[in-house]
J.: 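Provided herewith is a single structure, encoded as structure tokens, for subsequent inquiry.
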Number of protein chains: 2
Amino acid sequence: MAGTIRKSARRVTAADVAEAAGVSRSAVSRAFTPGSYLDDGKRRAILRAAKRLGYRPNAMAAILQGGASDLVAIFAGEMPNDFDREVAAALVSGLNAIGKWPLVIGGDEATARRALANVLRYPLEAMILRSGSLDEGVAKSCAKLGVPVISSGRILHMPGVDNVCCRNRDGMADMGRLLIEGGRRRVAFVGGPETFWSAGERRLGLVTALHAAGLTLSADAMGAYTVQSGYDAAADLLAGPPFDALVCANDAMAIGALSLLRDRGIPVPEQIAVVGFDDIAMAAWPAFNLTTVRNPIDTLVETVTDLVQRRVETPTKPDETIAIDVSLVCRGTH
Amino acid sequence: MAGTIRKSARRVTAADVAEAAGVSRSAVSRAFTPGSYLDDGKRRAILRAAKRLGYRPNAMAAILQGGASDLVAIFAGEMPNDFDREVAAALVSGLNAIGKWPLVIGGDEATARRALANVLRYPLEAMILRSGSLDEGVAKSCAKLGVPVISSGRILHMPGVDNVCCRNRDGMADMGRLLIEGGRRRVAFVGGPETFWSAGERRLGLVTALHAAGLTLSADAMGAYTVQSGYDAAADLLAGPPFDALVCANDAMAIGALSLLRDRGIPVPEQIAVVGFDDIAMAAWPAFNLTTVRNPIDTLVETVTDLVQRRVETPTKPDETIAIDVSLVCRGTH
DNA sequence: ATCCAGCCTGAACACGTGTTCATATGTCGA
DNA sequence: TCGACATATGAACACGTGTTCAGGCTGGAT
């Protein structure tokens, strides 16, 4: 570490490299552009000088000049449960793998709203929605700026928006049938507030399956997609009329409900079946062994990144709505 | 939705707004700059025209001209467990709250390395490290470009690097003493590979406490900070000489170990104590009720964001190393 | 009448890059 | 010898912004 040089903040530019290598600034730019006419020896000298000085082309200038920004925003919402965070982390990795750099917006509504207004000043190649509450407003702002939107997790019927969404209704309908076949007749549901679009869809799927068997929902509680809210909702439901199956709109709440039933000494699944949705890693743990619906994150990420690439390549591409297949995972709680 | 206009990709610029409002381009810029001389009526007219056209100043041009980029990178690594993902999500929210936009780099080593080279072309105000494996190399690259580094989670002794780190050794030493006071004498440890710096620190704290009581580590296993790896490591250890306490370097592995011991019918904590580190939300659930060391995420995020702000404000500020206090959380597994 | 200070305004510049344009040099075939 | 063509190179431009510069206008004090 001999002689750590503390330079002033000025960044090394192509002009600096040009001077150091004794060439024109144009040559430096060409040295970093494959397939452009440039003497091989000169190119090597430039790259050597660039490495020595620690030069990297300034992305701001390159983008302003007309280059691709490779910036993609992820509007991630509050990420209150592990599934949301896992999806966000997987999206980040997936975007990195295709050479896109995700600008992530998270936190509460007020913070996210303010952040959005500022982030939209950057030339985004796409905006990926994963919020649940502010989606329409965000999509409208993006449309005004010509930023393509990819909504993952809720379907938005707006021009300029691609949708990726798992088959919420089908999954929950399958689950409903499984419970009915297992002899359950009084089915309770724990959903979410109106802003949680998927909760409504999943509820609808369940209700459809029940109706087909001449049944209706025995009880309807509202959670917040967190473990604690599942715990609390289960407690509320137990205070009401009896039921023999508890369908939760996601795994986190199912695990919360499961915990409460165990605390109360109620045998699962003998007296009450408990099922969830998503198939988070925890659902497979022996401690829970939760019957659920698999909502594959890797497929979601692949679909989204593919959509990003195709949209960037062909901005006029027609909008798409892609459904992701889900499947029942039968474990020990139904 | 009458007449959805599908404009060509061109973005609205200040010149467009100027023409629409019948003023000079300078006036438009002034309208968005508080405290600059501009007729009030004219300012209102400009803002109205800007709103109508959907104008936002282009961040690339503004930054290139000399403005703040407000971009901060987070080198997040693979985020294999929920604690890592929670930290990342909290960092994102915290940075948004102070008006910084995080560019997140994640995924496996090869992906992250390639991503780094590209992301460094953007004028970053800071780089936040949260990786575990590639940190030194990343810090070196940043130092070469004059990008301030904030390492959170491991201490890097390099110029230009601020460090934020919880008191790993103290926390595990406290935990060691607690176990010894509880009568444990044969303590096993589940750590991580050498690249997991915190595992080494935590191990050291435990060993120190044991030595002070005239004891040594009974067994030493290697995990990967995931639940599954804790499960597997516990199985390996059970095949060896007996022990009465199992200290895991993080909660995820402790929960994995706990699951295995339950599967084998080994009473916890009667026969074997199991403890972790971090105090993730799951640790408090009745299903686990894990004794652990609280590693406060909110304090970490506050410290990091504060450091970012102070470093941006005063780039020549001396480097700091800030320790975050931890505390024992005594629950039911010790 | 003269000066000055305060407000207001448009032209011009700098930021750093990728690309185009014009020009120069070398090579090959007719 | 001449033209056609590929290769090589520096000057000049455009990208869109924030700020500086120089100047014009207004109103009041000297």
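Chain letters run A, B, ... following the sequence lines, proteins first, then strands; residues in each count from 1. Quick note: numbers below take in every heavy atom, side chains included, and nothing from hydrogens, waters or symmetry partners.
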J.: Verify, without hydrogens or angle tests, whether A/E136 (side chain) and A/L156 (backbone) share a donor-acceptor contact under 3.5 angstrom.
T.: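 Flag not set: sc A/E136 to bb A/L156 has no pair under 3.5 Å.
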
J.: Taking A/R56 for its side chain and B/A117 for its backbone only, find out whether a donor-acceptor pair lies under 3.5 Å.
T.: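 Such a contact is found between A/R56 side chain and B/A117 backbone.
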
J.: Ignoring hydrogens and angles, tell me if any N or O in the side chain of A/T305 forms a donor-acceptor pair with the backbone of A/E302 under 3.5 Å.
T.: yes

J.: Is the shortest side-chain N to carboxylate O distance from A/D162 to A/K317 below 4.0 Å?
T.: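 Yes, this pair counts.
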
J.: Any ion pair linking A/D16 and A/R10 (charged N to carboxylate O, less than 4.0 Å)?
T.: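 The answer is yes: the pair qualifies as a salt bridge.
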
J.: Check this for me: does the side-chain of A/S26 come within 3.5 Å of the base of D/dA11 through a donor and an acceptor?
T.: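 Between D/dA11 and A/S26, which were checked side chain against base, a qualifying N/O pair under 3.5 Å is present.
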
J.: Could you give the start and end, 5' to 3', of the contact zone on DNA chain C for chain A, using atoms under 4.0 Å from its heavy atoms?
T.: C/dG16 to C/dT20

J.: Under a 4.0 Å N-O cut-off, is there an ion pair linking B/D319 with B/R311?
T.: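 Result for this pair is yes, salt bridge flagged.
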
J.: Look at all strands and tell whether A/T33 reaches a base, only sugar-phosphate, or nothing, counting heavy atoms closer than 4.0 Å.
T.: sugar-phosphate

J.: Rounded to 10°, tell me the angle between the two end axes of the helix from C/dA1-D/dT30 to C/dA30-D/dT1, each built from five pairs.
T.: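 The two end axes of the helix from C/dA1-D/dT30 to C/dA30-D/dT1 meet at 60°.
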
J.: Need one value for A/T13: base, sugar-phosphate or nothing, where a base atom within 4.0 Å counts as base even if backbone is also close, heavy atoms only.
T.: sugar-phosphate

J.: In this structure, how many angstroms lie between the P atom of D/dA8 and the CG atom of A/D40, rounded?
T.: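 Distance check: A/D40 CG to D/dA8 P gives 8 Å.
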
J.: If only side-chain N and O atoms count, and only distance matters, is there a donor-acceptor pair under 3.5 Å linking B/S93 with B/N96?
T.: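 There is no such pair between these side chains.
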
J.: Just N and O in the side chain of A/Y37: are any of them under 4.0 Å from OP1 or OP2 of D/dT7?
T.: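 Yes, A/Y37 has a side-chain N/O under 4.0 Å of OP1/OP2 on D/dT7.
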
J.: Which residue lies toward the 5' end of DNA chain C, B/R121 or B/L64, if each is placed at its nearest nucleotide?
T.: B/L64

J.: Evaluate the side-chain proximity of B/W197 to B/I155: yes if any heavy-atom separation is below 4.5 Å, no if none is.
T.: yes

J.: B/V28 or A/G22: which one's nearest nucleotide on DNA chain D is closer to the 5' end?
T.: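 Here A/G22 is the residue nearer the 5' end.
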
J.: Measure CZ/A/R30 against P/D/dA11 and give the value in whole Å, please.
T.: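 For the pair A/R30 CZ and D/dA11 P, the rounded distance is 11 Å.
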
J.: Should the pair A/R310-A/D306 be classified as a salt bridge under the 4.0 Å nitrogen-to-oxygen rule?
T.: yes

J.: Base, sugar-phosphate, or nothing for B/L38, non-hydrogen atoms under 4.0 angstrom?
T.: sugar-phosphate

